[in-house]
Amino acid sequence: MVDESVIAALAGMSVTTSLPFLLYGAWIMIDAETVSWNVLMRHLRYIVAGLVLTTVPIVGWMIPRVLDQLTGMAILHAFFGVQAYALLAFALTGIVRIFQAKRNADAYEDLDVDIDEIHEDMGHWRKRLRAGVAGFMLLWLCAWVTGLYRLYTLHLASMI
């Protein structure tokens, strides 16, 4: 059987590896003057890769063990993680509406369309998207730092 510390280190490496994917995926959208279908698909490839690298260790390793490790740091780590995913769900409510409106108006094909004129609630949806993504990243970083601390104290400090 593989030692628990090895699996914990692999989970930590997977989550750490997801950070550049998430940041570059966000940068693609920030840097784009207009979001065409190709820009959106490129963005989503990086974001989905980052989310998979984060979510698989959470579901496969962290969630099954959280009730066995009810310490203050474990609870804080889980709190940050749950809140991050809650804000991601909040962002998705804006993303879905923006996507529907842009798709209905062919704004992914016609790049001259002003997206704020597509729908009266577009500004609200975009604020929801920005708040959700910024909150997700901030809380994801907090969860990541507390997770690295837990990895060190539970698995690596005893080896040194």
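- Neither Ile30 nor Trp140 shares a network with the other; the hydrophobic side chains, linked directly or stepwise wherever heavy atoms of I, L, V, M, F, W or Y lie under 4.5 Å apart, form separate groups for each.
- Both Met29 and Trp37 belong to a common hydrophobic cluster when Ile, Leu, Val, Met, Phe, Trp and Tyr are linked at side-chain heavy-atom distances under 4.5 angstrom.
- The same ILVMFWY cluster, assembled from side-chain heavy atoms under 4.5 Å apart, contains both Met13 and Ile58.
- Crowding of Phe80 atom CZ: a count of heavy atoms from other residues, nucleotides or ligands under 6.0 Å exceeding 12.
- Contact check for Leu19 versus Met137: side-chain heavy atoms found under the 4.5 Å cut-off.
- For the atom pair CG (Leu129) and CE (Met122), the distance works out to 10.5 Å, reported to the nearest 0.5 Å.
- Applying the under-4.5 Å side-chain rule to Ile, Leu, Val, Met, Phe, Trp and Tyr, the cluster around Leu138 consists of that residue alone.
- Atom CG in Leu141 sits 7.5 Å away from atom CG in Leu23 (nearest 0.5 Å).
- Other members of the cluster containing Leu111 do not exist, because no ILVMFWY side chain is joined to it at under 4.5 Å.
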Return a table of donor-acceptor pairs under 3.5 angstrom between the side chains of residues 38-50 and protein atoms on other chains or two or more places apart.
| unit_1 | atom_1 | unit_2 | atom_2 | d |
| --- | --- | --- | --- | --- |
| Arg42 | NH2 | Tyr24 | OH | 2.3 |
| His43 | ND1 | Gly25 | O | 2.6 |

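- Both Leu148 and Ile63 sit in one connected hydrophobic cluster of ILVMFWY residues. Membership requires side-chain heavy atoms under 4.5 Å apart, directly or through other members.
- Grouping the Ile, Leu, Val, Met, Phe, Trp and Tyr side chains by contacts below 4.5 angstrom, directly or via other members, places Val66 apart from Val145.
- Within the structure, salt bridge (charged side-chain N to carboxylate O under 4.0 Å, His left out) contacts touching residues 115-125 (residues at least two apart or in different chains) are Asp116-Arg126.
- We find the CG-CG distance between Leu22 and Leu51 to be 5.5 Å, quoted to the nearest 0.5 Å.
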Trace of the side chain to side chain contact (heavy atoms under 4.5 Å, CB included) decision for Met62 with Val15:
CA-CA 11 Å; Met62 296 173 201; Val15 173; 3.9 Å; yes
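- Within the structure, side-chain hydrogen bond (donor to acceptor under 3.5 Å, both in side chains) contacts touching residues 8-20 (residues at least two apart or in different chains) are Thr16-Trp144, Ser18-Thr54.
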Please list, one pair per line, the donor and acceptor atoms closer than 3.5 Å that link side chains of residues 84-107 to other protein atoms, with sequence neighbours excluded.
| unit_1 | atom_1 | unit_2 | atom_2 | d |
| --- | --- | --- | --- | --- |
| Tyr85 | OH | Thr55 | OG1 | 2.8 |
| Thr93 | OG1 | Phe90 | O | 2.5 |
| Thr93 | OG1 | Arg128 | NH1 | 3.1 |
| Arg97 | NH1 | Gln100 | OE1 | 3.4 |
| Lys102 | NZ | Val35 | O | 3.2 |
| Asn104 | ND2 | Gln100 | O | 3.2 |

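- Evaluation of the ring-ring contact (aromatic ring centres under 6.0 Å, His included) rule for Trp61 yields no partner, not counting sequence neighbours.
- Taking CG of Leu67 as the start and CG of Leu70 as the end, the distance is 6.0 Å to the nearest 0.5 Å.
- Applying the side-chain hydrogen bond (donor to acceptor under 3.5 Å, both in side chains) test to residues at least two apart or on different chains, the pairs with a partner in residues 68-81 are Gln69-Arg150, His77-Thr146.
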